[in-house]
Every structure is written in C-alpha cells, then in structure tokens.
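Because the structure is a prediction, the values reported are computed rather than measured.
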Number of protein chains: 2
Amino acid sequence: MDRDAEVFQSLAEPTRLRLLNILRQAGEVCVCELVDALQLPQYNVSRHLHVLAQAGLLEDRRCGKWIYYRIAKDLKPYQRAVLRALDELREEREDFQQDEARASRRLKLRRDGACCLGLGGLRRLLKIREDGKAEEVQKSKS
Amino acid sequence: MDRDAEVFQSLAEPTRLRLLNILRQAGEVCVCELVDALQLPQYNVSRHLHVLAQAGLLEDRRCGKWIYYRIAKDLKPYQRAVLRALDELREEREDFQQDEARASRRLKLRRDGACCLGLGGLRRLLKIREDGKAEEVQKSKS
DNA sequence: ATTTCATATGCATAATAGCGCATATGAGTG
DNA sequence: CACTCATATGCGCTATTATGCATATGAAAT
C-alpha cells in the first residue's frame with residue numbers, strides 16, 4: 001500500500017473519524033479523555049490512535065502517566081486539505097457534535113486538579129455510565 | 001461501516017487514487033481508456049471503478065458498448081473538499097502526472113472515429129506494449 | 001518494593017478486501 | 001443467429017483489519 005493511500009485508509013473507520021474530529025476541535029487530548037468522550041474500551045481507542053499516528057496524522061506527547069495526542073504539526077498540504085474537509089462533514093453529523101459535547105464536558109474537569117482522574121470516580125463525576133445513560137444526562141444538562 | 005467512512009475507504013487504495021486523479025483532470029472517461037492509461041487488467045480497473053461508484057464518488061453513463069465514468073455531480077460538500085485535496089496530492093506525485101500523460105495521449109485518439117477501438121489495433125496505434133515500451137514512446141513524442 | 005494508574009500490545013478469531021482467472025452480460029455487427 | 005467487443009462479476013485464494021480479552025510496559029504514589 002501507498003504511503004498516501006495509507007492516510008486515507010486511516011480515515012476509513014468511523015471511530016477514527018470521531019477521534020480526529022474531537023482532536024481538531026479540542027486540540028491536545030489525552031487517551032483517557034478520549035475514552036470517556038467516545039465511550040469505547042481503552043484498548044480500542046488506543047489502537048485507533050496508533051493507526052492514525054502511523055499514518056502520520058497524529059503525534060503524541062508523554063507527560064507523566066498520561067499521553068496526549070494532537071493533530072501532527074508537519075502535515076503535507078494535501079493532508080491538511082483532507083482534514084479540513086472534516087469541518088464540512090461535521091456540519092451534517094450530529095453524532096460528531098455529541099462527541100464534542102462529551103469531550104468538552106470532560107475537558108472542563110482538567111481544572112479540578114490532575115488531568116486524568118481514576119475512571120470510576122471520574123465517571124461518577126461526569127454521570128457517564130456504561131449502560132448508555134449518557135444521553136439522558138446530556139438532555140438534563142442542556 | 002459508516003457511509004462516510006466508506007467514502008474514505010474507497011480512497012484507501014493506490015489504483016483508485018490514480019483513477020480519481022485521471023477522472024478529475026480528464027472529465028468523462030470510458031473504462032478501456034482508463035485501462036490503457038493505467039496499464040492494468042480490465043477486471044481490475046472495472047472493480048475499482050465499481051467501489052468508487054458504490055461510495056458515491058463516481059457515476060457512469062452507458063453509451064453503446066462503452067461505459068463512461070465521471071466524478072459524480074451531486075457530491076456532498078465534504079466529499080468535494082476531499083477530492084479537492086487530490087489536487088495538492090497531485091503536485092507531489094510524478095506517477096499521477098505520468099498517468100495523466102498516458103490518459104491524455106489515449107483520449108486524443110477519440111477523434112479517429114470510435115471511442116474505443118479494439119485493444120490490439122489501438123495499442124499498436126499508441127505503441128503501448130505490455131513489455132513496458134510505453135515510456136520509450138513517450139520520450140520520443142515529447 | 002509494592003501498588004496503582006494510564007496506556008500499549010500479543011494473541012486468537014472473525015470479518016473484509018484485493019487479485020487472478022474464467023465466464024457472464026449486454027450491446028453492436030456481419 | 002453467430003460473433004465480437006466492452007464491461008462486469010462469481011469464485012477461490014491470500015492478505016489485511018478490527019475486536020475482545022488478557023497482559024505487558026512504564027511512570028508515579030505509598
């Protein structure tokens with residue numbers, strides 16, 4: 001496979017599009033925050049981030065126990081153009097905007113001390129449960 | 001898989017990127033012309049065109065025995081944006097430009113009567129052989 | 001040093017994708 | 001009708017990919 005085709009390949013997966021969308025909107029985000037925003041297993045998120053990084057679209061920065069991911073700085077022009085296209089995709093994707101809302105609520109907790117709290121306590125704080133009550137909470141908050 | 005992720009999936013293959021590039025530069029092109037430009041087996045080109053059409057990026061028009069493919073007219077904004085990114089990719093890909101050169105030479109033959117001549121006679125006309133003499137001819141023509 | 005926390009990864013499995021070959025389809029031609 | 005031509009497609013094969021589970025790594029905290 002082409003190096004360039006690999007870039008498109010990395011975009012050819014729903015979860016990875018969601019990740020890129022959040023990272024484009026929110027800047028530098030660490031894995032556990034992405035896990036909460038997307039509500040997917042950690043190994044799943046981690047693997048997808050790895051694919052995007054391999055393709056050259058993301059870079060990561062270690063900071064203590066946490067690893068922050070962000071859109072790579074040295075993208076080729078065509079890569080920038082492709083990612084810019086995600087802005088237009090975002091317009092028609094409500095689920096992307098819901099992701100952003102969850103990510104945004106999650107990122108606000110950074111103020112409260114450490115970046116990444118324990119998942120248990122944090123989820124309680126966020127009222128995000130695994131049983132899909134996240135939407136319920138979202139409604140009551142908006 | 002997402003409908004949108006399917007679009008990126010359709011771009012995640014070198015041959016399909018080459019096809020899109022030619023179609024973007026040359027407009028409406030029929031399958032046998034693409035086969036000559038890319039110098040790949042017909043079933044291969046045909047399948048890849050099908051994938052791109054399924055993703056909604058291409059549409060086809062039958063005209064007698066020939067089938068013309070072109071970039072779809074009713075693309076979504078983000079799809080247009082993604083395809084526009086191919087212009088920037090084209091800048092750094094000499095092989096894309098060679099494809100265009102072959103396609104362009106091939107399309108000039110449309111004047112000589114039918115769109116699609118028999119492959120044998122046509123290749124003789126183009127001096128494109130399977131043994132890789134195409135470059136040789138290209139040099140002598142430029 | 002042991003434990004905890006955040007993240008990554010090896011492995012097995014299931015699903016998917018591309019390729020080459022042969023052949024089907026469908027439209028003109030003699 | 002038989003034939004040719006342009007294109008599409010079914011099949012078997014191999015290669016790649018995503019997923020879930022368990023576990024490894026690596027850094028801080030106790």
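- The CD1 atom of A:Ile67 sits 17 Å away from the P atom of C:dC5 (whole-angstrom rounding).
- With salt bridges taken as basic N to acidic carboxylate O contacts below 4.0 Å, one links B:Asp99 and B:Arg102.
- Within residues 18-27 of chain A, no residue places a heavy atom under 4.0 Å from DNA chain C.
- Nucleotide C:dT16 holds its P atom 21 Å from the CZ atom of B:Phe8, rounded to whole Å.
- In this structure, A:Tyr43 does not reach the C:dC11 phosphate: none of its side-chain N or O atoms is under 4.0 Å from OP1 or OP2.
- Within the structure, every side-chain polar atom (N or O) of A:Arg47 is placed at least 4.0 Å from both OP1 and OP2 of D:dG20.
- Rounded to whole angstrom, the span from the CD atom of B:Glu13 across to the P atom of C:dT16 amounts to 18 Å.
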Check against salt bridge (Lys or Arg N to Asp or Glu O under 4.0 Å), B:Arg18 and B:Asp95: CA-CA 9 Å; B:Arg18 295 173 69 194; B:Asp95 54 330; 5.5 Å; no

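- Of all non-hydrogen atoms in A:Leu17 and B:Phe8, the two that sit nearest each other are CD2-CE1, 3.9 Å.
- Of the candidate nucleotides C:dT9, C:dG18, D:dA8, D:dA8 has the atom nearest to the side chain of B:Val31.
- One finds no salt bridge joining B:Arg105 and B:Asp36 here, because no Lys/Arg side-chain nitrogen approaches an Asp/Glu carboxylate oxygen to under 4.0 Å.
- For the OP1/OP2 pair of C:dA17 and a distance below 4.0 Å, the side-chain nitrogens and oxygens of B:His48 include no atom meeting the criterion.
- The side chain to side chain contact (heavy atoms under 4.5 Å, CB included) test with B:Leu40 singles out one residue from B:Val35, B:Leu34, B:Val45, B:Leu19, and that residue is B:Val45.
- Counting all heavy atoms, side chain and backbone alike, B:Arg106 lies closest to B:Cys32 at NH2-SG, 3.7 Å.
- Put simply, CH2 on A:Trp66 is 18 Å from P on D:dG26, counting in whole angstrom units.
- For the residue pair A:Gln54 and A:Glu6, the shortest heavy atom distance occurs at O-OE2, 3.8 Å.
- Scanning both residues, B:Cys30 and B:Arg110, for their nearest heavy atoms gives N-NH2, 4.1 Å.
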Let me check something: any side-chain donor-acceptor pairs from residues 70-86 of chain A under 3.5 Å, sequence neighbours excluded? List them with distances.
{"residue": "A:Arg70", "atom": "NE", "partner": "A:Glu59", "partner atom": "OE2", "Å": "3.0"}
{"residue": "A:Arg70", "atom": "NH1", "partner": "A:Glu28", "partner atom": "OE2", "Å": "2.8"}
{"residue": "A:Arg70", "atom": "NH2", "partner": "A:Glu59", "partner atom": "OE2", "Å": "3.2"}
{"residue": "A:Lys76", "atom": "NZ", "partner": "B:Glu92", "partner atom": "OE1", "Å": "3.3"}
{"residue": "A:Tyr78", "atom": "OH", "partner": "A:Asp4", "partner atom": "OD1", "Å": "2.7"}
{"residue": "A:Gln79", "atom": "OE1", "partner": "A:Lys76", "partner atom": "N", "Å": "2.8"}
{"residue": "A:Arg80", "atom": "NH2", "partner": "A:Lys73", "partner atom": "O", "Å": "2.9"}
{"residue": "A:Arg80", "atom": "NH2", "partner": "A:Leu75", "partner atom": "O", "Å": "3.4"}

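- Here the closest non-hydrogen pair linking B:Ile22 and B:Ala37 is CD1-CB, 3.8 Å.
- Dashed line: the shortest gap from a side-chain N or O of B:Asn44 to OP1 or OP2 of C:dG20 is under 4.0 Å.
- A straight line from OH of B:Tyr68 to C1' of D:dT7 spans 13 Å, rounded to a whole angstrom.
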Can you name the atoms? Protein N/O to nucleotides 24-28 of chain C N/O, anything below 3.5 Å, with the distance.
none

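- Checked against D:dT19, C:dT7, D:dT17, the side chain of A:Ser46 finds its nearest nucleotide in C:dT7.
- Using a 4.0 Å cut-off, some side-chain N or O of B:Tyr69 falls inside it from OP1 or OP2 of D:dA8.
- Rounding to whole angstrom units, CG of residue A:Leu49 and P of D:dA18 are separated by 13 Å.
- Per the geometry, CZ belonging to B:Arg106 stands 12 Å off C1' belonging to D:dA6, to the nearest Å.
- For B:Gln42 and D:dA8, a side-chain-to-base donor-acceptor distance below 3.5 Å is present, hydrogens and geometry of angles not being considered.
- For A:Pro41 and B:Val45, each mapped to the nucleotide of DNA chain D holding its nearest heavy atom, the one lying further toward the 5' end belongs to B:Val45.
- One interatomic measurement links the two molecules: CG of B:Asp36 to C1' of D:dT7, which rounds to 14 Å at whole-angstrom precision.
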